[in-house]
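All residue numbers refer to positions in the sequence shown, counting from 1.
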Amino acid sequence: MSTPYTLRAKHRRSALRTLAFLSPWLIGFCVFFAYPLISTVYFSFTHYDGFSPATFSGLKNWSYVFNDYPLFWPALRNTLWLVVVMVACRVVFGLGIGMLITKIKTGVGVFRTLFYLPYLAPPVAATLGFVFLLNPGTGPVNSLLGDLGIPAPDWFTDPSWSKPALTLLAVWGVGDLMVIFMAALLDVPKEQYEAADLDGARAWHKFRYVTLPNISPIVMFAVVTGVIQAMQSYTQPLVAGKVASGVIGNSGQPFEPGYPDKSTLTLPQLVYNLGFQRFDYGSACVVALVLFALSMAFTALLMKRRGGLIQAGE
């Protein structure tokens, strides 16, 4: 007969066994998430240049970033623009290409490879290639548009066209979403399509009431991961701005990120600019916390909406 003492001992051993199995995750969570997050919050309220000891400064860093730092609000607007427009375009094009390839009867492997290969291109090399292709003076894209009589934009040298050009670059590398959507589309039960055909459903109705409800978890996954990636945009906007401005060929030249006219500036660039170029780690931590809060807010909103930006079957 078990006594209260033996029952408590069993519960204690069970709790320790569970904790032992959870310990790898708990250690990783504490070391790589909790500790860096707490440190970032702490340093955001201090004056710290990476050399001298941190000193408490209250809300001075927050006031500086929101009121006096001229690059913060343009970077925030650009980042939100990329989140809304770039993510939507990537999801729509990825889903469209995935649906197109699933309908092809012959040569599926060739088309799948051709659409997936751009995703494997290194970000810097892909950006360099796009800046060359979209060069206003010598680029083949503008030459072709001129031959067709279409007004050619200045792309990466025009503040109103730099973000659409970055979006074209992101859509060009949409092969990862294409593969994910293809796998989801092939898992949709064919019986549901057959039932829809018997009911006389058109293509749009079959997509809305059969395809979309079945792949809505995958759409949500694509949107959430796309938002996180867009919030972390750093390499492509920075490289595009440097190449378009002509600075990248001479590393000794000073370069303020965001060319042209702060239109390619993003929040991750500010974290690097403040922390590793100006040695203002307190202000850099403020921008990092804003970026973290926005990522969590977008993710929570999309999870609550169940299908992200697409309302599946509603």
Side-chain angles (χ1 to χ4, degrees), residues 21-22 24-25 28-29 33 82-123 126 166-233 236 294-314:
F21 281 110
L22 288 175
W25 180 87
F29 176 81
F33 181 79
L82 294 177
V83 168
V84 175
V85 178
M86 182 185 292
V87 173
C89 290
R90 276 180 52 85
V91 171
V92 170
F93 275 87
L95 179 57
I97 295 173
M99 294 181 64
L100 178 64
I101 293 182
T102 55
K103 302 297 183 182
I104 298 176
K105 302 299 182 182
T106 57
V108 176
V110 175
F111 286 103
R112 185 171 52 200
T113 302
L114 290 176
F115 281 111
Y116 186 75
L117 279 177
Y119 173 71
L120 301 178
L166 289 173
T167 302
L168 287 177
L169 173 59
V171 170
W172 177 70
V174 78
D176 56 333
L177 293 185
M178 176 204 69
V179 173
I180 294 173
F181 283 129
M182 280 182 58
L185 291 167
L186 293 174
D187 283 340
V188 178
K190 295 182 178 179
E191 294 80 5
Q192 296 186 14
Y193 287 118
E194 295 172 356
D197 289 330
L198 293 176
D199 291 337
R202 297 181 180 179
W204 166 248
H205 293 96
K206 287 192 288 186
F207 172 77
R208 180 178 179 182
Y209 296 108
V210 177
T211 304
L212 204 52
N214 280 282
I215 67 171
S216 58
I218 307 302
V219 173
M220 184 181 67
F221 170 80
V223 174
V224 170
T225 55
V227 166
I228 295 173
Q229 291 174 357
M231 296 291 291
Q232 297 175 349
S233 295
Q236 290 90 339
L294 287 174
S295 300
M296 294 298 293
F298 273 110
T299 303
L301 177 63
L302 293 174
M303 294 292 287
K304 184 178 180 180
R305 298 295 290 180
R306 291 175 25 217
L309 300 177
I310 298 177
Q311 298 301 310
E314 295 182 0

*Leu120 CG to Thr113 OG1 distance, which is reported to the nearest 0.5 Å*: 10.0 Å
_Nearest heavy-atom neighbours spanning Ile218 and Ala184_ = CG1-CB, 3.6 Å
*Least distance between heavy atoms, Val227 atom then Val87 atom*: N-CG2, 3.8 Å
_Closest heavy-atom pair and its distance - Phe111, Thr106_ = CE1-O, 4.3 Å
*When you look at CZ of Phe221, are more than 12 heavy atoms from neighbouring residues, nucleotides or ligands closer to it than 6.0 Å?*
no
*Atom OG1 in Thr299, atom CE in Met231: separation rounded to 0.5 Å?*
8.5 Å
_Audit row: Asn214, Gln192, side chain to side chain contact (heavy atoms under 4.5 Å, CB included) steps and yes/no_ = CA-CA 10 Å; Asn214 280 282; Gln192 296 186 14; 3.0 Å; yes
_Ring-plane angle category for Trp25 and Phe29, please: parallel below 30°, perpendicular beyond 60°, tilted otherwise._
parallel
*Could you tell me which non-hydrogen atom of Ala222 sits nearest to which non-hydrogen atom of Phe181, and how far apart they are?*
CB-CZ, 3.8 Å
*Side-chain contact test, heavy atoms from C-beta onward, threshold under 4.5 Å: evaluate it for Phe115 versus Val179 and give yes or no.*
no
_Atom pair CD1 (Ile101) and CG (Leu186), whose distance is rounded to the nearest 0.5 Å_ = 10.5 Å
*What pair of heavy atoms forms the shortest contact from Ala126 to Leu169, and how long is it?*
O-CD1, 4.0 Å
*Is any side-chain heavy atom of Leu294 closer than 4.5 Å to a side-chain heavy atom of Val83?*
no
*For the side chain of Ser216 and the backbone of Pro213, is there at least one donor-acceptor N/O pair under 3.5 Å apart?*
yes
_Gap between atom CE of Met86 and atom CG of Leu168 - 0.5 Å precision_ = 9.5 Å
_Test side chain to side chain contact (heavy atoms under 4.5 Å, CB included) applied to Met178 and Tyr119, step by step_ = CA-CA 10 Å; Met178 176 204 69; Tyr119 173 71; over 6 Å; no
*Less than 4.5 Å apart, any side-chain heavy atom of Met182 and any of Ile97?*
no
*Any pair counted as side chain to side chain donor-acceptor pair (under 3.5 Å), so long as it reaches residues 86-99, sequence neighbours left out*: Arg90-Asp176
*Decide yes or no for Asp199 and Tyr209: does some side-chain heavy atom of the first lie under 4.5 Å from some side-chain heavy atom of the second?*
no
*Atom of Ala196, atom of Val210 and distance for their closest heavy-atom approach*: CB-CG2, 4.3 Å
_Evaluate Val224 against Phe298 for side chain to side chain contact (heavy atoms under 4.5 Å, CB included), listing each step before the verdict._
CA-CA 8 Å; Val224 170; Phe298 273 110; over 6 Å; no
